[in-house]
Amino acid sequence: MNEPVDVSGLDADHARLLYRGLVRLRRFEDRVYQLFLKGELPGTVHQYQGQEAVAVGVCDALEPGDWITSTHRPHGHALAKGVSMRGAMAELYGKATGCCGGKGGSMHLGDPDVGMVPAIAIVAGGVSIVSGMGLAFKLQGSGQVAACFFGEGATNEGAFHEGVNFAAVQRLPIVYVCENNLYGASTAYHLTTLVPDVVDRVAAYGIPAVSVDGMDVVAMREATAEARERAAGGGGPTLIEAKTYRFAGHSRGDARKYREREEEDAWRDLDPLTRLRDAVVSRDPSEAGRLDAVEAEVEAELEDAVTFARESPEPDAAEAFTGVYADAFPVPSMRGGIL
Amino acid sequence: MNEPVDVSGLDADHARLLYRGLVRLRRFEDRVYQLFLKGELPGTVHQYQGQEAVAVGVCDALEPGDWITSTHRPHGHALAKGVSMRGAMAELYGKATGCCGGKGGSMHLGDPDVGMVPAIAIVAGGVSIVSGMGLAFKLQGSGQVAACFFGEGATNEGAFHEGVNFAAVQRLPIVYVCENNLYGASTAYHLTTLVPDVVDRVAAYGIPAVSVDGMDVVAMREATAEARERAAGGGGPTLIEAKTYRFAGHSRGDARKYREREEEDAWRDLDPLTRLRDAVVSRDPSEAGRLDAVEAEVEAELEDAVTFARESPEPDAAEAFTGVYADAFPVPSMRGGIL
Amino acid sequence: MTGDQVGERRLSIGAAIREAIIEEMQRDERVFLIGEDIGIPGGFGGAFGVYLGLPEIFGRDRIIDTPISEKAIAGAAVGAAMMGMRPIPDLQYSDFVFECMDEIVNQAAKMRYMSGGRIRVPLVLRLPVGASNRGAQHGQSPESYFIHVPGLKVVCPSDAYHAKGIMKAAIRDDDPVLVFEHKLLYGSKGRESAGGLDLTAHVPEEEYVVPLGQAVVKRAGTDVTIVATHLVLYRCLAAAEILAEEGIECEVIDPLSLLPLDVETIYASVDRTGRLVIAHEDTLTGGWGAELAARVVGERFDSLRAPIVRIAGHDVPLPVAPALEEAVIPSIDRIADQVRALVAARR
Amino acid sequence: MTGDQVGERRLSIGAAIREAIIEEMQRDERVFLIGEDIGIPGGFGGAFGVYLGLPEIFGRDRIIDTPISEKAIAGAAVGAAMMGMRPIPDLQYSDFVFECMDEIVNQAAKMRYMSGGRIRVPLVLRLPVGASNRGAQHGQSPESYFIHVPGLKVVCPSDAYHAKGIMKAAIRDDDPVLVFEHKLLYGSKGRESAGGLDLTAHVPEEEYVVPLGQAVVKRAGTDVTIVATHLVLYRCLAAAEILAEEGIECEVIDPLSLLPLDVETIYASVDRTGRLVIAHEDTLTGGWGAELAARVVGERFDSLRAPIVRIAGHDVPLPVAPALEEAVIPSIDRIADQVRALVAARR
Ligand SMILES: Cc1ncc(C[n+]2csc(CCOP(=O)(O)OP(=O)(O)O)c2C)c(N)n1
Ligand SMILES: Cc1ncc(C[n+]2csc(CCOP(=O)(O)OP(=O)(O)O)c2C)c(N)n1
Ligand SMILES: [Mg+2]
Ligand SMILES: [Mg+2]
């Protein structure tokens with residue numbers, strides 16, 4: 001995991017695109033953290049700093065028609081899949097202009113227009129429903145693929161077992177992306193199972209599994225491209241175990257006392273942004289300036305998103321009672337005849 | 001699986017004991033089938049013919065203080081663990097003298113006095129709760145072990161995954177006994193997973209697993225003894241996959257049209273009763289008469305159990321409202337002040 | 001309502017539901033079935049035989065046999081529904097729904113709302129209910145849990161005509177609908193299993209749809225309104241016959257769907273009779289009868305001339321012994337006695 | 001009731017529950033804790049910090065950290081309880097209970113009955129409830145589902161004194177008890193999170209136990225009876241203050257446990273006031289308020305002078321946006337308005 005990122009297969013545009021992706025996720029999260037501390041955001045946030053290479057690498061290898069499922073930690077997945085920064089930021093503010101109209105919030109970011117169902121904050125909940133997404137694509141013969149993000153902690157849930165087994169036997173077009181960041185909340189994975197490498201647990205389902213450097217966006221991209229091709233070609237699901245690390249706490253207010261400082265430092269040395277930048281610049285030093293420009297552009301996009309979110313209206317209280325049912329079906333507690 | 005049963009490690013008494021066990025289960029089930037067809041038994045029954053070597057072999061290797069959990073197909077497990085034929089038969093009749101007072105019936109046979117919790121008719125339900133039994137024994141330092149019976153179909157349930165993983169990481173004193181009879185109801189196991197040998201799925205939990213001829217009572221006994229010793233010694237759980245077959249339908253009224261006649265015949269040739277008898281008699285032809293005597297004794301025991309069950313009283317209707325709560329807590333729907 | 005003329009086509013509930021599914025699968029190729037033991041050749045056609053013959057018509061691709069994995073079944077249904085399909089997942093016995101509550105309560109019911117109304121989850125979950133001497137884990141009637149889940153719709157058909165029509169409506173509905181069917185009313189085993197009931201009803205050849213949220217007045221009456229479902233509905237009708245001979249006229253209403261619930265029809269009846277009895281097999285405390293009673297006392301207080309009476313399964317797990325099971329489930333006698341007492345107390 | 005004298009020892013609910021657990025673990029070595037993130041050194045001490053410091057007292061053997069496996073947690077609790085232990089499983093947020101409904105509804109609640117009364121399942125499941133801008137999957141109040149499960153007991157403490165006492169009773173109870181605690185009432189975050197409430201109460205040093213099934217009259221009054229739990233209880237008390245200035249005297253009752261429910265105390269109050277308002281954060285349809293309303297109209301019809309009013313969370317999944325969440329959960333204004341209307345209509 002200490003090897004330099006191999007950019008030999010990427011042209012400069014593509015490399016810059018990936019770098020932009022990483023920077024967008026990082027800056028967004030860093031800013032969200034500040035905004036949260038200032039008290040501008042309701043509820044809680046689970047942040048993605050450190051894991052950016054996973055979401056960006058995976059989503060770069062997907063086709064626009066593909067879908068993803070996400071988790072309680074969805075900001076990175078959302079941005080990488082194409083949810084606008086405005087829509088995501090406004091959603092964190094609980095504003096009417098948010099990608100879910102303020103109803104979903106941080107833990108349920110999503111946008112059907114870009115192929116992301118609302119993130120599921122129930123651990124392994126996405127593993128359960130992604131089978132159906134794959135099944136739909138298979139029945140429709142659409143060639144689409146679903147990528148399912150989840151943490152290593154989710155692999156101990158029954159939903160993981162039932163979902164992966166069913167998808168395997170049905171050979172559904174799914175790419176499972178397990179972000180093994182070593183901890184589920186405060187609990188180290190090796191305390192929760194005797195088999196601490198997720199790839200070693202997947203033989204139970206008879207599907208291919210591959211362990212990937214999750215701090216290397218190019219490696220993630222390539223592993224996903226391969227798995228996507230297999231899935232789309234009828235070869236069934238693949239599990240990618242991305243070895244990664246969250247730099248931040250589990251959620252706001254986590255002092256991370258269950259981790260060693262040395263461990264954190266070692267992983268920070270693998271920062272996916274730095275590693276990609278180093279590889280690109282060492283191939284072509286003139287890229288340095290262009291990558292700086294990317295960063296500046298991202299700053300501007302972010303600034304715009306924060307302004308947009310701040311200035312957006314709160315949802316109207318009446319909105320609380322819409323969207324429960326699909327038709328013009330009244331919320332039962334609102335009286336008016338039908339219960 | 002065609003090898004003769006190896007009785008070299010058993011003395012004649014022990015062999016006869018095992019034979020008695022097998023015959024008790026077989027005769028009981030054959031009789032239950034007739035009684036059911038006659039309309040004497042309420043509800044439904046899931047029968048155990050063909051699988052007798054599993055329950056008898058396993059329970060013979062357990063200590064009296066050990067406990068078992070069972071399934072929707074519990075008659076064999078119950079008799080093998082020591083539930084009296086009278087108590088079991090009366091329970092099938094729904095009589096007051098049944099081992100659960102007529103409240104449990106066929107699918108919930110059990111008797112705490114002999115170390116059997118009520119059978120659980122939810123597939124894999126026992127795998128979920130047996131961890132707690134093992135945990136209690138571990139916390140109490142009692143040296144007891146819990147054996148958990150379930151079918152291969154249960155391994156696709158989330159409860160299996162969560163239960164076995166938790167027991168593994170806690171090194172609980174549990175012996176998992178998976179009776180792989182190839183079918184869950186009408187569905188062949190290989191249609192439900194890409195990994196049709198259960199032993200191959202257990203690497204995901206890091207515990208030892210062994211595949212055993214489930215039509216050979218001695219082999220089952222030995223595998224269990226070894227697993228029990230490991231469990232009691234702090235070595236954690238073992239999974240035994242018993243390759244077996246149910247001779248009867250899934251439940252009453254199953255015409256078994258989803259199986260081939262040839263397959264059924266091949267398995268019938270492995271009848272665990274015949275195989276043990278053959279081995280015993282070939283070692284000592286004079287045993288034949290003694291085994292006949294065992295059969296006659298079992299017939300008498302069975303006849304007594306049927307008479308007992310038939311003549312036992314129905315439970316009093318008022319009994320329906322007792323035993324819901326532990327104290328003299330009234331059933332809420334029975335009015336009287338407290339809801 | 002169902003026009004029981006001689007010579008007309010009569011079907012059991014099981015056959016009527018099968019017909020509804022066949023017609024909707026022919027009409028809309030997004031509809032598919034998923035569950036345990038539903039399509040295996042030589043198998044059961046579902047736990048109650050409702051799907052027998054369907055694989056031959058539609059092929060195994062649209063009748064998907066699964067592992068014993070309720071979470072996988074329900075999860076797959078939710079996911080497929082979100083991607084534009086219209087799955088009909090099957091759980092064999094409704095007792096097993098507790099294995100996939102998260103998929104139903106936290107995902108199916110909430111996805112549309114969480115997405116800001118942008119995603120639909122049209123699925124129809126079939127859930128057989130009812131005691132039949134199989135004990136605590138194979139006889140529950142868990143419909144009441146689900147009226148408490150915003151985002152779900154809950155349907156309880158009790159005759160073949162309405163079962164067919166509302167099943168078709170459910171399949172065309174854009175929301176997740178849970179259909180609870182009583183296993184003793186399927187009619188496949190004939191009259192005995194339901195205590196001598198004729199379990200067939202007229203089902204016209206022509207296509208029809210019965211919308212959710214319309215109660216059915218099964219019997220008109222002036223003295224007391226009885227609202228009941230499933231097997232207990234028939235027991236209420238039998239009790240009404242007995243009571244009629246004593247001069248007590250019961251109006252018996254089948255709500256048909258519990259959410260949406262057609263309170264207007266019930267209110268109108270209570271406005272006339274002034275007395276309400278609610279009867280169901282599901283256990284009393286926290287059952288759907290409580291919600292209906294609360295609605296009526298909240299909105300029709302002035303119409304009520306007497307206390308609202310609920311007659312329900314007693315608050316115990318189901319016992320197997322017939323002598324015990326009968327003591328738990330509302331019987332014709334218990335219904336008749338309670339109605340008699342109610343009317344007598346407030347003549 | 002709780003004796004709020006100056007100078008006396010005041011604790012938050014979180015601290016009171018911690019004390020109850022410590023005392024019971026000291027008293028009975030069969031008691032142990034099991035759940036996710038409860039005992040990890042440097043960790044959270046449970047999702048709301050209630051277990052902080054306990055591993056240091058009791059060791060990690062009695063504070064068992066688990067994988068993220070709710071079925072394993074609940075299943076282990078059931079199994080251990082049957083074998084003579086007294087587990088306290090923890091599910092972090094009550095929203096995750098839907099992952100282990102089978103273990104609770106089909107196993108914990110039914111084992112004793114299925115065994116013919118021969119096996120006990122004493123366990124205490126802790127379930128934090130309540131909206132706090134975390135959305136549809138982290139803010140539910142699912143207590144009402146469980147009053148519908150025969151074999152379970154359901155407790156909803158709302159102040160530190162009773163929380164400690166009833167937690168001790170629950171741990172000593174021989175049946176499975178589900179304890180629902182409101183996360184904004186723990187008091188760890190101080191007043192702001194609960195809208196300025198003082199979340200401490202007097203908790204005496206001496207040992208005491210508060211039995212299940214005894215309601216607490218929080219405020220005496222003559223015009224209307226209000227029964228409410230958790231955060232909404234405090235909103236009702238605040239509304240009662242406002243209404244008192246208008247000459248409307250509310251009697252406010254905390255039922256404390258929902259099953260068993262102390263209907264006698266409630267009936268006695270309704271007999272005096274003739275008016276009943278039931279308020280909870282859990283959604284309206286099928287909520288526990290329905291059961292209470294049905295009981296009262298069934299058994300105290302003649303005492304009622306007006307319709308029973310339920311004020312509850314609206315029947316929607318919880319939205320995150322504060323503007324929306326506030327519209328869903330009963331507010332002080334909504335409570336005051338509804339009580340005012342009720343009293344005005346029937347002066
Ligand atoms: C079913 C369920 N159980 C518990 C939780 C509480 N919880 C939220 S995140 C989390 C840890 C998840 O760990 P992992 O899957 O590794 O993802 P990570 O947080 O590391 O991204 C837990 C226990 C939950 N949301 N859902
Ligand atoms: C959770 C659950 N799902 C489905 C069923 C219905 N069911 C009862 S037995 C059975 C097949 C079980 O197969 P297996 O575990 O192999 O045991 P076997 O019947 O072969 O002994 C099924 C599907 C059930 N009882 N519980
Ligand atoms: Mg993790
Ligand atoms: Mg099997």
Side-chain angles (χ1 to χ4, degrees), chain B residues 41-44 72 91-96 98 100-108 118 120-125 151 153-159 184-189 191-193 250 253-259 313-324 331-334 339, chain C residues 35-47 49 60 65-72 75 92-93 95-96 98-100 102 131-139 189 192 283-287 290 310-330:
Chain B
L41 306 181
T44 191
H72 59 285
E91 191 61 30
L92 297 195
Y93 271 84
K95 292 299 183 72
C100 305
K103 283 176 177 162
S106 164
M107 287 197 274
H108 304 302
I120 300 177
I122 300 296
V123 169
T155 62
N156 289 323
E157 287 278 10
S186 70
T187 308
Y189 191 51
L191 300 175
T192 70
T193 176
H250 169 64
D254 168 7
R256 314 194 306 277
K257 293 215 195 96
Y258 49 86
R259 304 198 306 203
E314 306 272 338
D316 194 87
E319 279 302 311
F321 310 106
T322 65
V324 184
V331 167
S333 61
M334 296 299 278
L339 184 157
Chain C
E36 300 159 20
D37 300 300
I38 61 173
I40 302 286
F44 311 142
R60 297 285 297 286
D65 280 284
T66 68
I68 310 176
S69 303
E70 286 73 19
K71 289 177 76 69
Q92 300 208 338
Y93 284 68
D95 307 71
F96 312 151
F98 300 108
E99 290 289 15
C100 54
D102 184 74
S132 63
N133 296 129
R134 277 162 181 73
Q137 296 175 339
H138 281 76
K189 298 275 152 52
E192 321 88 87
T283 52
L284 182 85
T285 300
R310 288 181 296 153
I311 309 173
H314 277 293
D315 290 336
V316 305
L318 279 166
V320 152
L324 301 178
E325 195 185 88
E326 278 156 31
V328 171
I329 306 297

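All figures in this text were calculated on a predicted structure; none of them were measured in a lab. Every chain is numbered from 1, with letters handed out A, B, ... down the list of sequences. Just so you know, these numbers use all the heavy atoms, side chains as well, and skip hydrogens, waters and symmetry mates.
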Give the intermediate values and the outcome of side chain to side chain contact (heavy atoms under 4.5 Å, CB included) for residues B/His108 and B/Lys103.
CA-CA 8 Å; B/His108 304 302; B/Lys103 283 176 177 162; over 6 Å; no
Do C/Gln92 side-chain atoms and C/Glu36 backbone N/O form a donor-acceptor pair below 3.5 Å?
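Indeed, once roles are kept as given, a pair shorter than 3.5 Å links the two residues.
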Closer than 3.5 angstrom, by distance alone: can the side chain of C/Asp315 be matched with the main-chain N or O of C/Thr283 as a donor-acceptor pair?
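The answer is no, because no donor-acceptor pair under 3.5 Å joins these two groups.
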Part of [X] lying under 4.5 Å from any heavy atom of chain B:
X        : value
C/Pro41  : backbone
C/Glu99  : side chain
C/Thr66  : backbone
C/Leu324 : both

Return the option, out of [options], with the maximum number of heavy-atom pairs under 4.5 Å with chain C.
options                      : value
B/Gly153, B/Gly125, B/Ala318 : B/Gly153
B/Asp316, B/Thr187, B/Asp254 : B/Thr187
B/Met107, B/Arg256, B/Arg259 : B/Met107
B/Gly94, B/Gly105, B/Gly43   : B/Gly43

Could you go through B/Tyr189 and B/Thr155, starting from their C-alpha distance and side-chain angles, then the distance that decides it, and tell me whether this counts as side chain to side chain contact (heavy atoms under 4.5 Å, CB included)?
CA-CA 10 Å; B/Tyr189 191 51; B/Thr155 62; 2.6 Å; yes
B/Ser186 and C/Asp37 side chains, donor-acceptor separation under 3.5 Å
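Present: a donor and an acceptor within the cut-off.
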Let me know if [X] has heavy atoms under 4.5 Å from chain C in its side chain, its backbone, both or neither.
X        : answer
B/Glu314 : side chain
B/Ile120 : both
B/Thr193 : neither

Would C/Arg60 and C/Ile40 satisfy side chain to side chain contact (heavy atoms under 4.5 Å, CB included), going step by step from the backbone distance to the final call?
CA-CA 9 Å; C/Arg60 297 285 297 286; C/Ile40 302 286; 3.9 Å; yes
Rounded at 0.5 Å granularity, tell me how far CD in B/Glu157 sits from OG in C/Ser69.
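So the CD of B/Glu157 and the OG of C/Ser69 are separated by 5.5 Å.
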What is the ring orientation for B/His72 with B/His250, classed by angle as parallel under 30°, tilted 30 to 60°, or perpendicular over 60°?
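The arrangement is tilted - the two ring planes meet at 30° to 60°.
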